[in-house]
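Quick note: residue numbers are just sequence positions, from 1. What you see is a predicted model, and the numbers here were worked out from it, not measured in a lab.
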Amino acid sequence: MPSLDAVAPTFVEMAHRIVWCTVATVDTAGRARSRILHPIWEYDDGKLTGWIATSPLSPKRAHIDANPTVSVTYWDPSHDTCTADCQVTWTLDDDSKRAAWTRFAEGPEPVGYDPRIVPGWDDPTAEGFGVLELSPTYLRVMPGSLMVAGEGELLTWRA
């Protein structure tokens with residue numbers, strides 16, 4: 001199986017090109033729930049971390065409190081896909097929220113954005129602004145050419 005160094009950069013490139021992904025949680029009754037979200041990924045010093053700005057006042061808060069895992073999947077019309085299964089924690093203290101706010105506000109195109117576009121997110125200390133920190137335990141990167149023509153390389157990594 002390839003190393004994280006061999007898979008993570010390709011994962012980040014594809015994820016940042018596609019931008020929006022489906023994120024699945026498990027609710028408190030054990031049912032899968034999914035939504036579309038917009039992570040930013042960082043691969044630094046052999047560690048891959050994802051960040052999602054989202055509201056801690058949403059139902060996903062109870063889901064993650066009960067089962068702190070998510071599955072994140074990106075897809076685009078060329079059938080490029082990549083998935084990260086992750087352990088997840090809420091980042092809710094003011095210093096961490098400020099750092100995350102800056103990460104999104106100064107993030108690279110097309111994944112960076114001004115968090116103030118979300119109603120109620122006037123600043124990083126807003127009650128409705130929270131951040132999920134994603135720590136992948138599994139990655140899968142598949143170019144669409146592999147699916148449609150049998151060409152390309154499927155990359156997987158597991159912690």
Side-chain angles (χ1 to χ4, degrees), residues 1-28 30-76 80-115 117-118 121 124-143 154-159:
M1 182 172 295
S3 69
L4 183 59
D5 284 336
V7 179
T10 304
F11 173 86
V12 172
E13 182 280 321
M14 186 180 288
H16 281 189
R17 179 172 41 85
I18 297 171
V19 181
W20 294 93
C21 63
T22 301
V23 177
T25 59
V26 176
D27 74 11
T28 56
R31 299 172 300 219
R33 296 288 184 244
S34 61
R35 73 271 300 145
I36 305 298
L37 294 173
H38 179 175
I40 288 181
W41 294 91
E42 296 174 335
Y43 186 60
D44 187 37
D45 199 26
K47 181 178 179 187
L48 179 62
T49 306
W51 307 95
I52 300 174
T54 189
S55 177
L57 307 176
S58 69
K60 79 177 95 36
R61 173 79 183 263
H63 302 178
I64 290 168
D65 287 350
N67 187 346
T69 61
V70 296
S71 186
V72 176
T73 298
Y74 295 84
W75 172 87
D76 82 0
D80 284 349
T81 62
C82 60
T83 298
D85 294 342
C86 305
Q87 294 293 314
V88 61
T89 56
W90 283 98
T91 300
L92 300 173
D93 66 273
D94 284 347
D95 288 342
S96 296
K97 287 171 50 172
R98 278 188 205 68
W101 184 280
T102 299
R103 184 177 287 113
F104 286 96
E106 296 176 3
E109 289 289 333
V111 293
Y113 67 96
D114 183 348
I117 64 171
V118 177
W121 290 3
T125 62
E127 179 186 17
F129 179 74
V131 180
L132 295 174
E133 181 177 343
L134 309 177
S135 299
T137 58
Y138 171 79
L139 296 175
R140 180 177 187 268
V141 180
M142 186 176 82
L154 174 67
L155 297 174
T156 60
W157 168 84
R158 187 173 304 278

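- Residues passing the side chain to side chain contact (heavy atoms under 4.5 Å, CB included) test with Asp65 are Arg61, Trp90, sequence neighbours excluded.
- With hydrogens and angles ignored, the 3.5 Å screen pairs no side-chain donor or acceptor of Trp157 with any backbone N or O of Met1.
- Side-chain contact between Asp80 and Pro143 is present, with at least one heavy-atom pair separated by less than 4.5 Å.
- When side chains are defined from C-beta on, Arg103 does not count as touching Val131, because their heavy atoms never get closer than 4.5 Å.
- Between Leu139 and Cys82 the shortest side-chain heavy-atom distance does not fall below 4.5 Å.
- A side-chain contact (heavy atoms from CB on, under 4.5 Å) with Lys47 is found for one member of Thr49, Asp44, Asp45 and no other, namely Thr49.
- For Thr25, the side chain to side chain contact (heavy atoms under 4.5 Å, CB included) test picks out Arg33, Arg35, His63, Ile64, Val70, with sequence neighbours left out.
- Within the 4.5 Å cutoff, the side chain of Phe104 has no heavy atoms near those of the Pro124 side chain.
- Residues Leu155 and Met14 fail the side-chain proximity criterion, which asks for heavy atoms closer than 4.5 Å.
- Side-chain atoms of His38 come within 3.5 Å of backbone atoms of Val111 as a donor-acceptor pair (strictly under, hydrogens ignored).
- The two residues Gly46 and Leu4 come nearest to each other via the heavy atoms O-CD2, 3.4 Å.
- Closest of all the heavy-atom pairs between Leu48 and Pro136 is O-CD, 3.2 Å.
- Residue pairs that meet the side-chain hydrogen bond (donor to acceptor under 3.5 Å, both in side chains) test with at least one member in residues 127-139, sequence neighbours left out, do not exist here.
- Not counting sequence neighbours, Tyr43 has no partner by the ring pair (Phe, Tyr, Trp, His ring centres under 6.0 Å) test.
- Residues Thr22 and Ile36 are in side-chain contact: their nearest non-hydrogen atoms beyond the backbone lie under 4.5 Å apart.
- The backbone N or O of Glu13 sits nowhere less than 3.5 Å from a side-chain atom of Arg17 that would complete a donor-acceptor pair.
- Residues that satisfy the side-chain hydrogen bond (donor to acceptor under 3.5 Å, both in side chains) test with Trp20, not counting sequence neighbours, are absent from this structure.
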Step by step, would you call Leu154 with Val141 a side chain to side chain contact (heavy atoms under 4.5 Å, CB included)? CA-CA 6 Å; Leu154 174 67; Val141 180; over 6 Å; no
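- Val12 is not listed as a side-chain neighbour of Glu42, based on a closest heavy-atom distance of 4.5 Å or more.
- For Asp93, there are no salt bridge (Lys or Arg N to Asp or Glu O under 4.0 Å) partners, not counting sequence neighbours.
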Could you please spell out the steps behind the side chain to side chain contact (heavy atoms under 4.5 Å, CB included) verdict for Ile40 and His16? CA-CA 7 Å; Ile40 288 181; His16 281 189; 4.3 Å; yes
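- Here the OG1 atom belonging to Thr69 is positioned 11.0 Å from the CG atom belonging to Leu134, to the nearest 0.5 angstrom.
- Between Trp41 and Cys86, the shortest heavy-atom distance links the atoms CH2-SG, 4.0 Å.
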